[in-house]
Amino acid sequence: MSPHHVVISGIGLVSSLGEGPDAHWRKLVQPGLEPVLEASRFSPYTVHPLPEIDWNLQIAKRGDQRQMETWQRLGTYAAGMALDDAGIKGNDDLCTTMDMVVAAGGGERDETVDADILAASESRNDRDVLLNEKLTTELRPTLFLAQLSNLLAGNISIVHKVTGSSRTFMGEEGAGVAAVETAAARIRSGQSTHILVGGAFQTEHSDMLLGYELAGYLHRGPWKPVWQRQGAEGGGVVTGSGGAFLVLEQREHAISRGRKIYAELGPIASGRARRRQGGLDGEIAALLGQAALPNGELLTISGASGAHAATAAEKSALDANPAIAARGFSTLTGHMKEAQFPFAVALAALAVERKAAYPAFDAATEKPFNGVPRTVLATAIGYHQFEGMALVNAA
């Protein structure tokens with residue numbers, strides 16, 4: 001084995017199912033697990049809400065908590081869990097040499113101020129003056145900084161003292177794929193020895209849902225599992241709040257620290273199909289070819305969003321390989337946008353490390369897996385654009 005092989009040595013997870021890898025494993029291996037849903041607050045849309053979180057466990061200073069939006073607190077919290085799990089948190093030597101790659105969105109708007117501006121504009125024609133008034137009286141100066149995607153990485157640096165190089169990617173599932181792909185490439189090349197990588201998404205905010213609904217992506221009406229939304233009203237996506245961070249290391253680096261290794265991160269393939277020209281089916285097939293799938297049964301942790309076209313194309317491609325047994329985890333967590341691919345990789349690593357498969361999350365659609373998963377495929381076919389997948393192997 002190459003000493004530069006990429007291994008996963010820390011996992012931090014938060015979703016509607018709970019906190020941490022152990023809590024998620026206990027829930028997800030329960031056959032027939034029912035999802036946690038919130039159907040009334042944003043009706044006609046359903047979301048998977050966050051559990052109760054004691055932010056103090058990972059963000060000790062109340063001042064740090066107050067200046068973060070919820071999605072930043074969520075990401076900082078999940079990152080802290082991953083650092084704890086890897087035995088890095090609080091170790092100055094490891095934290096100051098640790099690199100970071102984050103997948104992030106653009107932040108949350110102040111809906112009250114937006115509403116005030118719109119209401120005032122109905123009775124005033126001097127709208128340039130109105131906007132200047134609101135900018136100086138209603139918006140705190142840090143609001144603009146809070147919208148920057150790289151503020152999540154900044155807060156992780158401040159709170160957890162991770163002060164190596166830092167990169168942030170934006171762009172739905174593609175950001176999560178690019179973040180993991182970049183982190184793995186740096187380790188394989190010898191540019192980094194240990195990297196914190198992941199993302200977070202907070203859906204319980206009207207403007208976050210608006211971003212999906214403007215293009216008609218949100219599922220309406222009664223909730224259904226992710227594979228069963230074809231033909232239902234709306235666009236098929238049910239969102240969820242959550243975060244997923246991984247600690248990736250060179251194998252020799254993790255071994256020298258005496259750390260437990262969950263799994264090895266194998267080939268990662270990504271692409272961006274010309275979907276308007278009907279290229280998605282071919283792109284998914286090409287990615288499966290690049291992934292160098294092993295012979296025999298293959299457990300697949302699918303990040304399928306439920307978006308009609310993308311999910312139908314992924315299901316068709318996976319069903320074409322009779323060895324693949326897919327598990328669409330969005331059925332139980334909702335779609336977490338930038339965090340979707342890191343979450344899929346984390347669930348794959350848990351299955352490999354525990355030497356056990358997840359039961360079907362949708363018994364009516366997903367087929368059983370009877371073996372011991374030594375290799376698991378993780379996918380993220382973007383609801384709008386970008387496609388990615390990775391093989392996760394036994395360490």
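Quick note: numbers below take in every heavy atom, side chains included, and nothing from hydrogens, waters or symmetry partners. Here the structure is a predicted model, which means the values were calculated and not measured.
- By the 6.0 Å and 45° rule, Lys337 stacks over the aromatic ring of Tyr212.
- More than 12 heavy-atom neighbours from other residues, nucleotides or ligands sit within 6.0 angstrom of NZ on Lys367.
- No side-chain donor-acceptor contact under 3.5 Å links Glu387 and Ser270.
- Surrounding CZ of Arg41 are more than 12 heavy atoms belonging to other residues, nucleotides or ligands, all under 6.0 Å away.
- Inter-residue side-chain proximity for Glu249 and Val6 is flagged as unmet; no heavy-atom pair is nearer than 4.5 Å.
- Residues in residues 184-204 take part in these ring-ring contact (aromatic ring centres under 6.0 Å, His included) pairs, two or more places apart or across chains: His194-His253.
- Cation-pi geometry between Lys260 and Tyr262 is met: the NZ or CZ atom falls under 6.0 Å from the ring centre, inside 45° of the normal.
- With hydrogens and angles left out, the side-chain atoms of His160 and Gln58 include no donor and acceptor closer than 3.5 Å.
- In this structure, CD1 in Ile59 is found 12.5 Å from CZ in Arg66, a value given to the nearest 0.5 Å.
- Side-chain contact between Leu94 and Arg257 is present, with at least one heavy-atom pair separated by less than 4.5 Å.
- Inter-residue side-chain proximity for Ser166 and Val102 is flagged as unmet; no heavy-atom pair is nearer than 4.5 Å.
- Crowding of Asn56 atom CG: a count of heavy atoms from other residues, nucleotides or ligands under 6.0 Å exceeding 12.
- Proximity of Val392 to Glu353: side-chain heavy atoms (C-beta onward) are nowhere separated by under 4.5 Å.
- Between Ile301 and Leu377 there is no side-chain heavy-atom pair separated by less than 4.5 Å.
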Item to complete: Begin from the C-alpha positions of Lys134 and Asp116 and carry the test salt bridge (charged side-chain N to carboxylate O under 4.0 Å, His left out) through to its verdict.
Response: CA-CA 9 Å; Lys134 295 295 184 181; Asp116 287 346; 5.0 Å; no

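- Aromatic rings of Tyr45 and His219 (six-membered ring for Trp) have centroids beyond the 6.0 Å cut-off, not under it.
- Under the 4.5 Å side-chain heavy-atom criterion for grouping Ile, Leu, Val, Met, Phe, Trp and Tyr, Met81 is connected to Trp55 within one hydrophobic cluster.
- Side-chain contact between Tyr77 and Gln65 is absent, with no heavy-atom pair separated by less than 4.5 Å.
- Of the residues Val177, Val180, Val197, Leu13, the one that meets the side-chain contact (heavy atoms from CB on, under 4.5 Å) test with Pro342 is Val180.
- In the model, Thr76 has no side-chain atom that pairs as donor or acceptor with a side-chain atom of Arg73 under 3.5 Å.
- For residues 16-36, the ring-ring contact (aromatic ring centres under 6.0 Å, His included) pairs, not counting sequence neighbours, are His24-Phe343, Trp25-Tyr358.
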